[in-house]
Amino acid sequence: MPEGHSIHRVAKALTLAFAEPKEPHGKVAPVHASSPQGRFAAGATLMDGQRLAPAHAWGKHLFVPFEEDQRYLHVHLGLYGSWTFQADPRQAAKLPPVIGAPRVTVGEDQRTTGTAGDPASSSPKADPNAHEESWQWPEPKGQVRLRLANDYLLADLSGPTKCQILDPEGRQAIINRLGPDPLRNEPGDEDRFVKLVRAKKSPIGQLVMDQSVVAGPGNIYRAECLFRTGINPWRPGQKVSEKRLRQLWKDLVAGLADGFDMGLIYTRLPELELLEQAEPTRLVGQEVPEREERFYVYQRDGQACLKCGTTVKMEVMQARKLFYCPGCQR
DNA sequence: GATACATGAAAAG
DNA sequence: TTTTCCTGTATCC
């Protein structure tokens, strides 16, 4: 259950795990690919033995290029797909930090094996002869569509809505129908976002989740960013002022970047006054509270708005639950 | 054991 | 607008 920030993190994790040489001056080791579940058997065969190049994401789409072949693995997690990373507990010293972090996050679902919660203690000193024998990869748990593995790390993919091998044209066709990605934030993206929104009369709450308008945000960011910028989700795109849309773009940039850095969505600023600042405040570095205290409006329907006290509303928009404060968002 | 639900998107009607 | 697809977890009998 991932929004764009999770996919960018997975791209980074896959790159660190499978697209960077493990020894100085070494080559990238070929990846072992398989489909324990069987539903991606043909694709896994194509991938098995390939050297992988650095992965990248555009919105919620993940692309993993093959180094010596002009093709890509393309994955979209859909509503409940996930990646699970595991590491050889004896090789902790070689693990890239993004993998070693002791956390389990829905959607990317990273976890470490070995000493729970403390990767640093989990082993360089373990068994001096350990490296003599290769790591026994653990049995896949549940429905694993694709398993990627090398001598140190393993990534299991389950439940994706899309998992396929694409040629460059196939990849480009997907990117062509995506809007700007706030995590890429390239020159001109803000203008493109503003123009796309202002050309439509559908409600802004719908447009923020429309991947051809902006690629990355999902249901949580939609609710939270519209609250943070004080925009009513039912307001037609055309009728949102350019000023507010520029504010909204910048808020999405900051919000998704925070999600990327923290590995979870945390959007509720420590002080309400920070909401009024010209530039959005970044939350990375802050201590992360319990889930119930991370959001302003998401799943807070029936409770009092933290800013104005009005009861937070839940309505259904495009078959998804929409949360907002009718008092603050007009 | 059911059943409901989830951070999504495309196809079908 | 409704249905369909993909899976794991929580909650309720």
Side-chain angles (χ1 to χ4, degrees), chain A residues 1-11 35-41 43 57-62 74-85 103-111 139-147 155-164 170 173-179 181-183 202-203 205-228 233 252 255-268 288 291-292 294-301 314-324:
Chain A
M1 287 102 66
E3 303 194 22
H5 68 290
S6 299
I7 312 308
H8 282 262
R9 277 178 71 91
V10 167
S35 179
Q37 173 200 56
R39 294 188 53 173
F40 190 54
W58 191 302
K60 298 167 187 166
H61 294 259
L62 171 75
H74 168 236
V75 174
H76 192 297
L77 292 179
L79 191 53
Y80 45 71
S82 72
W83 284 96
T84 301
F85 290 88
R103 67 157 60 88
V104 173
T105 304
V106 177
E108 47 188 312
D109 199 8
Q110 302 187 358
R111 57 182 76 151
E139 283 298 305
K141 186 170 145 262
Q143 297 290 93
V144 175
R145 182 81 57 89
L146 170 65
R147 165 168 281 190
D156 281 343
L157 167 67
S158 76
T161 195
K162 211 71 176 172
C163 175
Q164 58 186 343
I174 286 170
I175 288 174
N176 287 347
R177 54 183 169 76
L178 293 174
D181 178 348
L183 276 174
S202 29
Q206 193 176 312
L207 296 173
V208 172
M209 289 242 293
D210 181 339
Q211 303 297 300
S212 71
V213 171
V214 49
N219 205 25
I220 299 181
Y221 277 117
R222 147 170 88 177
E224 294 294 297
C225 289
L226 290 175
F227 176 87
R228 298 209 301 192
L252 286 165
L256 285 160
D258 272 341
F260 176 83
D261 290 336
M262 296 187 281
L264 47 76
I265 306 180
Y266 172 31
T267 51
R268 195 201 287 188
V288 180
R291 187 183 163 89
E292 312 81 65
R294 289 183 205 154
F295 311 126
Y296 286 107
V297 290
Y298 181 72
Q299 289 183 338
R300 289 198 69 249
D301 50 313
M314 192 278 279
E315 289 167 12
V316 173
M317 179 187 273
Q318 299 291 282
R320 305 301 300 278
K321 288 183 175 177
L322 166 73
F323 303 87
Y324 70 104

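Convention: sequence-line order gives letters A, B, ...; per-chain numbering from 1.
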A.B. asks: Determine the interatomic distance between P on C:dC5 and the same-named atom on B:dG13; round to the nearest Å.
C.D. replies: 12 Å
A.B. asks: Are any of A:Lys321's side-chain N or O atoms less than 4.0 Å away from OP1 or OP2 of B:dA6?
C.D. replies: yes
A.B. asks: Please check this pair: side chain of A:Glu3 against backbone of A:Gly218, looking for a donor-acceptor N/O pair closer than 3.5 Å.
C.D. replies: yes
A.B. asks: Which whole-number value in Å describes the distance from A:Phe323 CZ to B:dT7 C1'?
C.D. replies: 11 Å
A.B. asks: In whole angstrom, what separates A:Arg222's CZ from B:dT7's C1'?
C.D. replies: 11 Å
A.B. asks: Can you tell me how far C1' in C:dT9 sits from the matching atom in B:dA9, rounded to whole Å?
C.D. replies: 22 Å
A.B. asks: Do A:Leu157 and A:Cys163 come close enough that some side-chain heavy atom pair is under 4.5 Å?
C.D. replies: yes
A.B. asks: Using atom C1' of each nucleotide, how far apart are B:dA10 and C:dG8 to the nearest Å?
C.D. replies: 22 Å
A.B. asks: How close or far is atom C1' of C:dG8 from atom CG of A:Leu157, stated in whole angstroms?
C.D. replies: 14 Å
A.B. asks: In a check of side chain to side chain donor-acceptor pair (under 3.5 Å) between A:Asp181 and each of A:Lys60, A:His61, A:Gln211, A:His8, which one passes?
C.D. replies: A:His8
A.B. asks: Does A:Tyr298 reach a base, just sugar-phosphate, or nothing at all? Heavy atoms under 4.0 Å.
C.D. replies: sugar-phosphate
A.B. asks: Check the distance between C:dC5's C1' and A:Leu79's CG and give it to me in whole angstrom.
C.D. replies: 11 Å
A.B. asks: Please state how far atom CD in A:Gln299 lies from atom C1' in B:dA4, giving the value in whole angstrom units.
C.D. replies: 14 Å
A.B. asks: I need the CD1-C1' distance between A:Ile220 and B:dT7, as an integer number of Å.
C.D. replies: 4 Å
A.B. asks: If I take atom CG in residue A:Leu62 and atom P in nucleotide B:dG8, what distance separates them, rounded to the nearest angstrom?
C.D. replies: 16 Å
A.B. asks: Tabulated below should be each protein N or O lying under 3.5 Å from an N or O of nucleotides 9-13 of chain B; please produce it.
C.D. replies:
residue: B:dA9; atom: OP2; partner: A:Lys60; partner atom: NZ; Å: 3.2
residue: B:dA10; atom: OP1; partner: A:Arg177; partner atom: NH1; Å: 3.2

A.B. asks: Report the distance from atom CZ of A:Arg145 to atom OG of A:Ser35, rounding to the nearest 0.5 Å.
C.D. replies: 7.5 Å
A.B. asks: Would a distance-only check, ignoring hydrogens and angles, find a side-chain to backbone donor-acceptor pair under 3.5 Å from A:Arg228 to A:Thr267?
C.D. replies: yes
A.B. asks: Measure from the side-chain N and O atoms of A:Arg9 to the backbone N and O of A:Phe260, and report whether any donor-acceptor pair falls under 3.5 Å.
C.D. replies: yes
A.B. asks: Within the distance-only criterion (no hydrogens, no angle test), does the side chain of A:Tyr324 pair as donor or acceptor with the backbone N or O of A:Leu226 below 3.5 angstrom?
C.D. replies: no
A.B. asks: Would you indicate what A:Gln318 reaches in the nucleic acid, counting non-hydrogen atoms under 4.0 angstrom: base, sugar-phosphate, or nothing?
C.D. replies: nothing
A.B. asks: Are any of A:Arg291's side-chain N or O atoms less than 4.0 Å away from OP1 or OP2 of B:dA6?
C.D. replies: no
A.B. asks: Whole-Å distance between B:dT7 C1' and A:Phe295 CZ?
C.D. replies: 9 Å
